[in-house]
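The next block holds one structure in the form of structure tokens; read it before the comments.
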Number of protein chains: 2
Amino acid sequence: MTATQELTKNQSLVFDALARADGPLSAYTILDQLRNDGFRAPLQVYRALDKLLDYGMIHRLESINAFVACAHPHTHSHGHGMIAFAICEKCGQVSEFSDDIITGRVREWTNSNGFKQSKTTIEIRGVCANCGTA
Amino acid sequence: MTATQELTKNQSLVFDALARADGPLSAYTILDQLRNDGFRAPLQVYRALDKLLDYGMIHRLESINAFVACAHPHTHSHGHGMIAFAICEKCGQVSEFSDDIITGRVREWTNSNGFKQSKTTIEIRGVCANCGTA
DNA sequence: TGACAAATGTAATAACATCACATATCGAAA
DNA sequence: TTTCGATATGTGATGTTATTACATTTGTCA
């Protein structure tokens, strides 16, 4: 994995499905979308998702059991900045941002408590600006 | 709901199970523990969990589909400070903390983006001090 | 070419959560 | 005190999400 990742057929299909979508998709929704491409079983989706997560090309939203294509593919390929997600419960849109101060505060806590963090989830549930005014 | 919440029988049973436990429990683990108390179906557990979440007496850990009794029952009954959880993937122990700066940064983002947040999840996965040195 | 690693196909099963409907319990208003 | 509504409960079926197990194929490279 260097600049762009060479993807296998299944990985490409799954990634494209997520990239096409205007919001997060569940694994089973992806499966249904890919039936015509030969997908028959959940594992085909989950295996591709695992790799895409490894490569940092997609994110998993823990609070809604769904997956999104990464919004800023270049930006945070470099660093260990944590990514926060704001998830609209009306329209499903997800906004992605990262904040060095939050990242720093979390790291301060983990350092002073001897906790080795591997992955950190920050998910804000609520209603986005569009849906709030409507 | 004032100082302490008056709980129904099922709610008490579920809460006690979580309070007894030394770590997070899944809904189905709770169900199994309460078979002798007359529990027969998942819904009995989920309904109690929903109420206890309402009352702020327990938390749901989204990243592991499990529930814990609130560690600081008095502390954050007051405010809207977000709570972060550090979850050890070796021993399952969960540490709970809140940080005003993180809370503030999140609120800054939501305010400047017109996002009305309802619930925010911060979960740090990793290895705790005890398990890391062992 | 032979051999190993990675990817794939498929069925079955496990784990997590909700729906639909019937019944019971309790408090407040008529 | 009766009646009504809100809340809680019991139970079976079903829906949704994720993994296990095992067989097969494909790609890489010595």
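We use all heavy atoms of the structure for the numbers below, so side chains are in, but hydrogens, waters and symmetry mates are not.
- Between Lys9(A) and dT8(C), a side-chain N or O to OP1/OP2 separation shorter than 4.0 Å is absent.
- Defined by atom type and a distance below 3.5 Å, a donor-acceptor pair is present between the side-chain atoms of Ser63(B) and Glu123(B).
- We find that CG of Asp54(A) is positioned 13 Å from C1' of dA6(C), with the value rounded to whole Å.
- Aromatic stacking is marked for Tyr28(A) over dT17(D), as both cut-offs hold: 5.5 Å for the centres and 30° for the planes.
- The side chain of Arg60(B) lies closest to dA17(C), out of dA17(C), dA8(D), dT9(D).
- Applying the 6.0 Å contact sphere to CG of Asp100(A) captures no more than 12 heavy atoms from other residues, nucleotides or ligands.
- At least one side-chain nitrogen or oxygen of Asn65(B) sits closer than 4.0 Å to the OP1 or OP2 atom of dA17(C).
- One finds no side-chain N or O of Thr8(B) lying less than 4.0 angstrom from the OP1 or OP2 phosphate oxygen of dA8(D).
- Within residues 38-50 of chain B, the residues having any heavy atom under 4.0 Å from DNA chain D are, by residue number, Arg40(B), Ala41(B), Leu43(B), Gln44(B), Arg47(B).
- Atom CG in Leu31(B) sits about 15 Å away from atom P in dT18(C), given to the nearest Å.
- Counting all heavy atoms, side chain and backbone alike, Arg60(B) lies closest to Leu53(B) at N-CD2, 3.7 Å.
- Closest-nucleotide positions on DNA chain C for Ala27(B) and Lys51(A) were compared, and the one nearer the 5' end corresponds to Lys51(A).
- Atom CD1 of Ile64(B) and atom P of dA15(C) are 15 Å apart (whole Å).
- In this structure, the CG atom of Leu61(B) is 17 Å from the C1' atom of dA17(C), given to the nearest Å.
- The separation between Leu13(B) atom CG and dA8(D) atom P is 15 Å, rounded to whole Å.
- Distance CD (Glu6(A)) to P (dT26(D)): 18 Å, rounded to an integer number of Å.
- Side-chain contact between Thr110(A) and Ile124(B): present, with at least one pair of heavy atoms (C-beta onward) separated by less than 4.5 Å.
- Asp37(B) has its CG atom 11 Å from the P atom of dG10(D), to the nearest Å.
- Between Phe97(B) and Trp109(A), the angle of the ring planes stays under 30°, which puts this pair in the parallel group of the 30/60° scheme.
- Within the 6.0 Å centre-distance limit, the rings of Phe85(B) and His59(B) are counted as a close aromatic pair.
- Under 4.0 Å is where a charged nitrogen must lie from a carboxylate oxygen, and between Glu62(B) and Lys119(B) at least one such pair does.
- Separating the CG atom of Leu7(B) from the C1' atom of dT7(D) is a distance of 14 Å, rounded to the nearest angstrom.
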